[in-house]
Amino acid sequence: AIERTFSIIKPDAVAKNHIGAIYNRFESAGLKIIASKMVHLSKEQAEGFYAEHSARPFFGALVSFMTSGPVMVQVLEGENAVLANREIMGATNPAEAARGTLRADYAASIDENAVHGSDAVESAAREIAYFFSAEEVCPRTR
Ligand code: CMP
């Protein structure tokens, strides 16, 4: 089915000038970018976005990293988009990420791992709404 997923290019990958290379991976895989913007997250925005991880030992480092510089946030649309994007990204820990995935090619560590992607259609809807108003999402008919 055609799905939407939410994606973040994290501060490490933005700082290393990998935005275009990463967008090329999405588009080459047939995913369409239907919303996109650059944001420098506040502490409150990052804490809210990652609220489900608030009890984890890495939460403080995660929020600190995600607010360390601008990120690109985007909505990707396409066939099986949630799983397709997870395959493009590779495993959370770049040491375990398959060859040719974004994390294998661009991530330095599990903390600074280049990209985020929704893990399910339900979390995608919540994450998209966290960053984009309905008018900012532009469904593509061609
Ligand atoms: P992300 O998909 O953005 O969701 C939470 C982030 O926490 C994750 O990517 C990792 O970058 C980071 N993180 C750090 N340590 C861990 C861990 N042990 N397990 C999962 N995520 C971790």
Side-chain angles (χ1 to χ4, degrees), residues 1-140:
I2 299 290
E3 294 173 352
R4 290 178 182 180
T5 192
F6 177 74
S7 160
I8 303 178
I9 302 179
K10 296 188 179 185
D12 56 329
V14 172
K16 292 177 194 157
N17 256 359
H18 292 320
I19 297 170
I22 292 172
Y23 272 26
N24 186 32
R25 298 277 182 100
F26 297 150
E27 292 193 314
S28 297
L31 295 175
K32 293 177 175 176
I33 298 161
I34 62 165
S36 170
K37 62 188 169 190
M38 182 174 275
V39 264
H40 194 142
L41 298 180
S42 67
K43 186 165 180 279
E44 291 69 29
Q45 274 178 308
E47 286 173 347
F49 181 75
Y50 282 118
E52 68 188 283
H53 296 301
S54 60
R56 307 285 291 273
F58 58 82
F59 185 67
L62 175 61
V63 170
S64 157
F65 167 60
M66 290 301 291
T67 57
S68 67
V71 300
M72 289 297 300
V73 293
Q74 46 279 328
V75 179
L76 308 176
E77 186 175 76
E79 188 64 35
N80 225 350
V82 171
L83 187 62
N85 183 43
R86 292 186 74 77
E87 287 177 357
I88 292 165
M89 292 192 298
T92 303
N93 184 350
E96 294 162 9
R99 189 172 309 176
T101 61
L102 291 173
R103 263 90 172 244
D105 290 345
Y106 299 123
S109 69
I110 192 170
D111 295 298
E112 304 205 359
N113 66 350
V115 283
H116 164 83
S118 307
D119 62 6
V121 171
E122 298 71 36
S123 46
R126 176 172 47 77
E127 293 175 358
I128 290 167
Y130 193 82
F131 282 102
F132 291 103
S133 67
E135 309 83 70
E136 287 179 303
V137 180
C138 302
R140 306 251 295 265

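In listed order, ligands and their atoms are each counted from 1.
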If you compare Asp119, Thr92, Asp12, Ile110 by their heavy atoms, the one closest to atom 12 (C) of ligand 1 turns out to be Ile110
Between Leu41 and Thr67 the two heavy atoms that sit nearest each other are O-CG2, 3.4 Å
The answer for which part of Glu112 has a heavy atom under 4.0 Å from ligand 1 is neither
In this structure, atom 9 (O) of ligand 1 is nearest to the protein heavy atom Lys10 NZ, 3.2 Å
So for Asn113 against ligand 1, with non-hydrogen atoms under 4.0 Å, the contacting part is side chain
query = Is the shortest distance from a heavy atom of Met66 to ligand 1 less than 4.0 Å?
reply = no
Out of Ile8, Asp111, Val63, Leu62, the nearest non-hydrogen contact to atom 14 (C) of ligand 1 is supplied by Asp111
For atom 2 (O) of ligand 1, the closest protein heavy atom turns out to be His116 ND1, 3.0 Å
Exercise for review: Report yes or no: is the cationic atom of Lys10 (NZ for Lys, CZ for Arg) under 6.0 Å from the centre of the six-membered ring of Phe65, at an angle within 45° of the ring normal?
Suggested key: no
Subject >> Working for side chain to side chain contact (heavy atoms under 4.5 Å, CB included), residues Met66 and Tyr50 >> reply: CA-CA 10 Å; Met66 290 301 291; Tyr50 282 118; 3.6 Å; yes
On a heavy-atom basis, the closest approach of Ala104 and Ala98 is CB-O, 3.3 Å
**Asked** Any side-chain heavy atom of Asp105 sitting closer than 4.5 Å to one from His18?
**Response** no
Heavy-atom nearest pair, Val73 first then Phe132, reads O-CZ, 3.5 Å
Judged by heavy atoms only, the candidate from Phe59, Phe65, Phe58 nearest atom 21 (N) of ligand 1 is Phe58
For His53, the atoms of ligand 1 under 4.0 Å from one of its heavy atoms are 4 (O), 5 (C)
Judged by non-hydrogen atoms, does Tyr50 sit under 4.0 Å from ligand 1?
yes
Per side-chain contact (heavy atoms from CB on, under 4.5 Å), Arg4 is matched among Val137, Leu76, Val82 by Val137
Closest non-hydrogen contact found for Met89 with His116 is SD-C, 3.5 Å
Task: Whether Arg56 lies under 4.0 Å from ligand 1, heavy atom - done: yes
